2 protein chains.
Amino acid sequence: MGQGSNAKPERISEAEHAVMEVLWGASPATAADVSDALAQNRGWSLATVKTLLGRLVQKQAISASPDGRRYLYAPLIERSDYIGTESKRLVDRLFGGRAASLVAHLADQEALTEDDLTEIEALLKELKR
Amino acid sequence: MGQGSNAKPERISEAEHAVMEVLWGASPATAADVSDALAQNRGWSLATVKTLLGRLVQKQAISASPDGRRYLYAPLIERSDYIGTESKRLVDRLFGGRAASLVAHLADQEALTEDDLTEIEALLKELKR
DNA sequence: TCATTTCGATTACGGATGTAAACATGAAGC
DNA sequence: GCTTCATGTTTACATCCGTAATCGAAATGA
């Protein structure tokens, strides 16, 4: 077997995901940076953020490069991969894998605005070309 | 405040959701019925299914009507409500609430087949009318 | 050099989850 | 009536998750 990228993607929890979003937004960042960025919405203590960063490092979702006394953290997995996986999970679990059913449902619940519809229409046109 | 339907919707876990799906499919059912239906895919013991049913009753997601020695279980929440809530959670968390972004992503990842696209197109036509 | 600050690492701890075994109790045979 | 089956209830228990406090070591300042 190849020795290459062997990172089995361990599940990222919701709290951990919030940390990932910060890192996806501002790549190499210190624990303090992340904590600051999250203080607004989540109000977590620095200790909590450190715990989450530690868990993410273990899960190989982020890297930690030594920078003097501290680490600089950066994502190892791409955001698009993550949201792709998560979206697929949902579609599989709730809609038996049929993405169209999801769209139908969103439309039904009027979760789609007029603008959304227009946007999707444009997308479809592009895809069909 | 109204005294009416006061059931705060407690979160349903993934395992519990599997049980809900069975009940949504065959409404009043006994624990054994549910267990049988799930044995195929999940391979849970009857004991496990009973635990899940108990938790769902507590969460007021299903009802348990006495029927002689046992109970008949039935969903109290509707499937469309559940998948609506869950879909919304995902869209909010991963796409900042923009459902169109989800569709765009699915399209990008080619999670949408040619058939899906056609189906969605039809949906849109209907919605725009 | 000693106290303070700053980090990461270790430990904590309650609640949820997945997965079940053990227990209690009534029904059904024998 | 006593044993056995069926069924719900209670208890169990490891892991994950959210949320930190504490510990230990290095850097910094006085």
Side-chain angles (χ1 to χ4, degrees), chain A residues 8-23 28-74 82 85-86 89-90 93, chain B residues 8-23 28-74 76 82 85-86 89-90 93-94:
Chain A
K8 154 182 32 161
E10 263 190 274
R11 199 111 166 64
I12 290 173
S13 80
E14 200 166 318
E16 286 159 6
H17 169 232
V19 169
M20 291 302 293
E21 286 294 344
V22 172
L23 291 178
T30 67
D33 291 342
V34 176
S35 183
D36 286 353
L38 286 170
Q40 315 291 306
N41 339 38
R42 321 285 301 224
W44 286 329
S45 76
L46 176 59
T48 297
V49 173
K50 283 178 182 174
T51 298
L52 295 173
L53 284 168
R55 288 178 183 169
L56 285 169
V57 168
Q58 273 184 221
K59 292 182 180 180
Q60 309 207 41
I62 65 177
S63 64
S65 346
D67 173 53
R69 283 261 349 88
R70 66 229 175 128
Y71 286 124
L72 292 183
Y73 300 95
Y82 175 74
T85 305
E86 289 299 302
R89 281 178 70 84
L90 183 97
R93 201 163 69 84
Chain B
K8 154 183 29 160
E10 262 189 276
R11 199 111 166 63
I12 290 172
S13 80
E14 200 166 318
E16 287 157 6
H17 169 233
V19 170
M20 291 302 293
E21 286 294 344
V22 173
L23 292 179
T30 67
D33 292 341
V34 176
S35 184
D36 286 352
L38 286 169
Q40 314 293 305
N41 339 37
R42 322 285 300 226
W44 286 329
S45 76
L46 177 58
T48 297
V49 172
K50 284 177 182 174
T51 299
L52 294 173
L53 284 168
R55 288 178 183 170
L56 284 168
V57 169
Q58 271 183 223
K59 293 183 179 181
Q60 311 206 41
I62 66 177
S63 65
S65 345
D67 173 54
R69 283 259 349 89
R70 66 231 173 126
Y71 285 124
L72 292 182
Y73 301 95
L76 281 180
Y82 175 73
T85 305
E86 290 299 301
R89 282 178 70 84
L90 183 96
R93 201 163 68 84
L94 300 186

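Convention: sequence-line order gives letters A, B, ...; per-chain numbering from 1. Everything numeric in this text was worked out from a predicted model, so none of it was measured. Computed over heavy atoms, backbone and side chain alike; hydrogens, waters and symmetry mates excluded.
Comparing B:Tyr73 and A:Ser45, the nucleotide of DNA chain D nearest to each residue sits closer to the 5' end for B:Tyr73. Toward the 5′ end of DNA chain C lies the nearest nucleotide of A:Tyr71, the other residue of the pair A:Arg55 and A:Tyr71 mapping further downstream.
Residues B:Arg11 and B:Arg89 meet the side-chain proximity criterion, which asks for heavy atoms closer than 4.5 Å. Taking 4.5 Å as the limit, every side-chain heavy atom of A:Tyr73 sits out of range of all side-chain heavy atoms of A:Ser63.
Nucleic acid contact for B:Thr30: none, since no nucleic acid atom lies under 4.0 Å from a heavy atom of the residue. Among the heavy atoms of the strands lying under 4.0 Å from A:Ala31 are primed sugar atoms or P, OP1, OP2 only; no base atom is included. Base engagement by A:Ala47 is indicated by at least one non-hydrogen atom pair under 4.0 Å involving a base atom. Within the nucleic acid shown, B:Thr48 comes within 4.0 Å of at least one base atom, counting heavy atoms only.
Atom CD1 of A:Ile12 is separated from atom P of D:dC16 by 15 Å (rounded to the nearest Å). The CZ-C1' distance, from A:Arg69 to D:dA25, rounds to 7 Å in whole Å. Distance, A:Glu10 CD to D:dC16 C1': 11 Å, rounded to whole Å. In this structure, CG of B:Leu46 is placed 15 Å from P of D:dC5, rounded to the nearest angstrom. Between the CZ atom of A:Arg11 and the P atom of D:dT15 there is a distance of 19 Å, given to the nearest Å. Rounded to whole Å, the distance from NZ on B:Lys50 to P on D:dA12 is 19 Å. In this structure, CH2 of A:Trp44 is placed 9 Å from P of D:dA20, rounded to the nearest angstrom. Regarding A:Asp67, its CG atom lies at a distance of 12 Å from the P atom of D:dA27, rounded to whole Å.
Once rounded to the nearest 0.5 Å, the distance linking OG of B:Ser65 with CG of B:Leu72 reads 6.0 Å. Here NE2 of A:His17 is found 3.5 Å from CD of A:Glu21. Values are rounded to the nearest 0.5 Å. For the atom pair CG (A:Leu90) and OG1 (A:Thr85), the distance works out to 12.5 Å, reported to the nearest 0.5 Å. For the atom pair CD (B:Glu10) and CZ (B:Arg55), the distance works out to 12.0 Å, reported to the nearest 0.5 Å.
For DNA chain C, the contact window with chain B, defined by any atom under 4.0 Å from a protein heavy atom, covers C:dT17 to C:dA27 in 5' to 3' order.
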Verdict with reasoning, B:Thr48 to B:Ser45, per side chain to side chain donor-acceptor pair (under 3.5 Å): CA-CA 5 Å; B:Thr48 297; B:Ser45 76; 3.2 Å; yes
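Residue A:Thr51 has no polar side-chain atom (N or O) positioned under 4.0 Å from OP1 or OP2 of D:dG18.
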